[in-house]
Amino acid sequence: MAEVRTRFAPSPTGALHVGGAHTALFAWLFARHQGGKFVLRIEDTDEVRSTEESLGAIYDGLNWIGIDWDEGPDLGGPYGPYIQSERLDTYNEYVDQLLGSGRAYPCYCTPEELEERQEVMRKRGLPPRYDGRCRDLSEEERRRLEAEGRKPCIRFRIREGGTTVVNDIIRGQVGFDNALMGDFVIRKTSGYPTYHMAVVVDDHLMQISHVIRAEEHLSNTPRHLQLMDALGFEPPQFAHLPIILGPDRTKLSKRHGAVNLMDYKQQGFLPEAMRNFLALIGWSTGSEQEILDLDELVEKFRLEEVSKSPGIFDLEKATWLNGEYLKRADAEYVTEMVEPVLRQAGLIEADLSPERREWLVKVVDLMKERTRLLTDFVSWARYFFTDEYPYDERARKKWLRREEVPDRLDALAERLETLEAWNVDSIEAAVRGLADELEVSAAKVIHPCRSAVTGQTIGPSLFHLMELLPQETVVGRLRRTAELSRAGELEPTDGEG
RNA sequence: GCCCUCAUGGUCUAGUGGUCAGGAUACCGGGUUCUCAGCCCGGGGGCCGGGGUUCGACUCCCCGUGGGGGUACCA
């Protein structure tokens, strides 16, 4: 059996979209699972919308989630170039072949004329497809039209009768009535091929064995099949993937929030979590396992198991998954990932000393159990990095405005200030000692203390967290909070009691 | 309009001509004598509707309905 070769063929009209990443991932997983090759091809035949910058953005997105390619514009390969705008001569050869065999013909209709006629057809309740006006023009008529200054595009002649059947790995056999297809353009007036022409030629020339793409292309496939047939190409296998929808069940778009893959990096997602999440939209192992690392994904992926129904991009679930990855990852790795986030928030300096860096790993280790996004470190772990943290509502309501609290905080500050050793055990002993002396439960000291030192009512073990803060910082915060409390500055701000 | 396609709790999904329709997430409740957005335990909630086939249908067929895609000199 021939080598498995799949490809991802984005058009460079913007950054890598979540849907594009999903398609790329599936094609890549299949190739890797089969031990085949994965090709990146850029389909920039839309001269108007294609941009240079998007190319870089596509590379960045793919790199981020760990998709690599064996052949592509940057890498080259045996079937290059891998950018369609650099392959115009190739497409023209095949267009000429079709022209020669009579399966294609020049069409002189202008876009305005086309639109007008389609409008009429629509009004009559007819399908608004190309009416075939230029199908059988005589030489003389063509000359006359060209004398008018018209520049033709080239159309492909659809087979008159019968059905074109698409054999799809995911969807089975899908039949399309040829009579319902209009002759479509294969070369634009500008000389550029259309998508239909370019994919067919490139997939053939690049020896693509499996065309794995989003479902939106399923209805175009019979056109491609007819082109392949007319050109004498052996059709590849097809697999049309379910598309990704927004929470309102319409196609995922900007209205739904972030659609660019890299926006999720910005939001604090780990690439492996995003990859895992994307892999689980429209596919599952059939087992109950949901957390799969790269190797497991590659090992277990089966195209036959891909679902036919569209999936919704559920940010909640993605966030949960990210939290699981954070929890399981080792602190050193998470630290690496979180550093730029903290730096961007201005919470750590640009160059961390080895000691400071070691300390940061400990902070991360303490926090990662309960964070879901890297950006949670900026909000929930803020107090590790600065004295400028807010006292949240619950802390104000439950503890900080209580009458007895300021004195308790001062008393605790005094005890902690004189501690010889600053570690979990000594801190815990001091805190519990105070509680005993006051004849109150430890909680009555612990909670106000947490509220004072972190501004929050939740977080990791208080003693462990205090250990990672300098002794004088803790003491200072206790005294500052006591003072603010006495001054009535720590009443709830939402006006509620 | 026409063509194609999809349909299991809110969401991601497993699954079968006879099942207590399974898991995860989200939600709710309880526990965790330092908190919870963490952890543990528990709970509610589902086979789109109508016909048929069948002893029996969530499962097979047909028709609706709803979603998506195509019908472009966009890809």
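For clarity, every value in this text was computed on a predicted model and none was experimentally measured.
Taking a cutoff of 4.0 Å between a charged side-chain nitrogen and a carboxylate oxygen, A:E428 and A:R432 qualify as a salt bridge. A salt bridge links A:R415 to A:E437: one of the charged nitrogens lies within less than 4.0 Å of a carboxylate oxygen. In summary, A:E304 and A:R302 do not engage in a salt bridge, as defined by a charged side-chain N under 4.0 Å from a carboxylate O.
Positionally, the nearest nucleotide of RNA chain B for A:L218 lies more toward the 5' end than for the other of A:L218 and A:L462.
Among the protein residues, A:Y192 comes within range of no part of the nucleic acid, since none of its heavy atoms lies under 4.0 Å from any strand.
Residue A:E116 qualifies as open at atom CD: its count of foreign heavy atoms under 6.0 Å is 12 or below. A 6.0 Å sphere centred on NZ of A:K444 holds no more than 12 heavy atoms belonging to other residues, nucleotides or ligands.
Separating the CD1 atom of A:I446 from the P atom of B:rC36 is a distance of 13 Å, rounded to the nearest angstrom.
For A:S50 (side chain) and A:D46 (main-chain N/O), a donor-acceptor pair under 3.5 Å exists by modelled atom type.
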Going 5' to 3' along nucleotides 42-49 of chain B, which nucleotides have protein heavy atoms under 4.0 Å from the base (write B), which only from the sugar-phosphate (write S), and which from neither (write -)?
--------
Using a cut-off of 4.0 Å between protein heavy atoms and nucleotide atoms, how would you tag nucleotides 70-75 of chain B 5' to 3' with B, S and -?
SSSBBB
Generate the contact string for nucleotides 11-16 of chain B. Rules: B means base contact, S means sugar-phosphate contact only, - means no protein heavy atom under 4.0 Å.
SBSS--
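Side chain to side chain, A:Y333 and A:E272 meet the donor-acceptor criterion of an N or O pair below 3.5 Å.
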Solution key, residues 156-164 of chain A side-chain donor-acceptor pairs under 3.5 Å, sequence neighbours excluded:
| unit_1 | atom_1 | unit_2 | atom_2 | d |
| --- | --- | --- | --- | --- |
| A:R157 | NE | A:G102 | O | 2.9 |
| A:R157 | NH1 | A:D136 | OD1 | 3.3 |
| A:R157 | NH2 | A:R135 | O | 3.2 |
| A:R159 | NH2 | A:D229 | OD2 | 2.4 |
| A:E160 | OE2 | A:R135 | NH1 | 2.9 |
| A:T164 | OG1 | A:N178 | OD1 | 2.5 |
| A:T164 | OG1 | A:Q226 | NE2 | 3.2 |

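Nucleotides B:rA75 and B:rG38 are separated by 46 Å at their C1' atoms, to the nearest Å. Taking atom P on both nucleotides, B:rU13 is separated from B:rC48 by 15 Å, rounded to a whole Å. For B:rG50 and B:rG9, the P atoms lie 16 Å apart once the distance is rounded to whole Å.
Checking the phosphate oxygens (OP1, OP2) of B:rC34, a side-chain nitrogen or oxygen of A:R432 falls inside 4.0 Å.
For A:Y130, there are no ring-ring contact (aromatic ring centres under 6.0 Å, His included) partners at least two apart in sequence or on another chain. Scanning for side-chain hydrogen bond (donor to acceptor under 3.5 Å, both in side chains) contacts around A:T221 gives A:R213, A:H240, with sequence neighbours left out.
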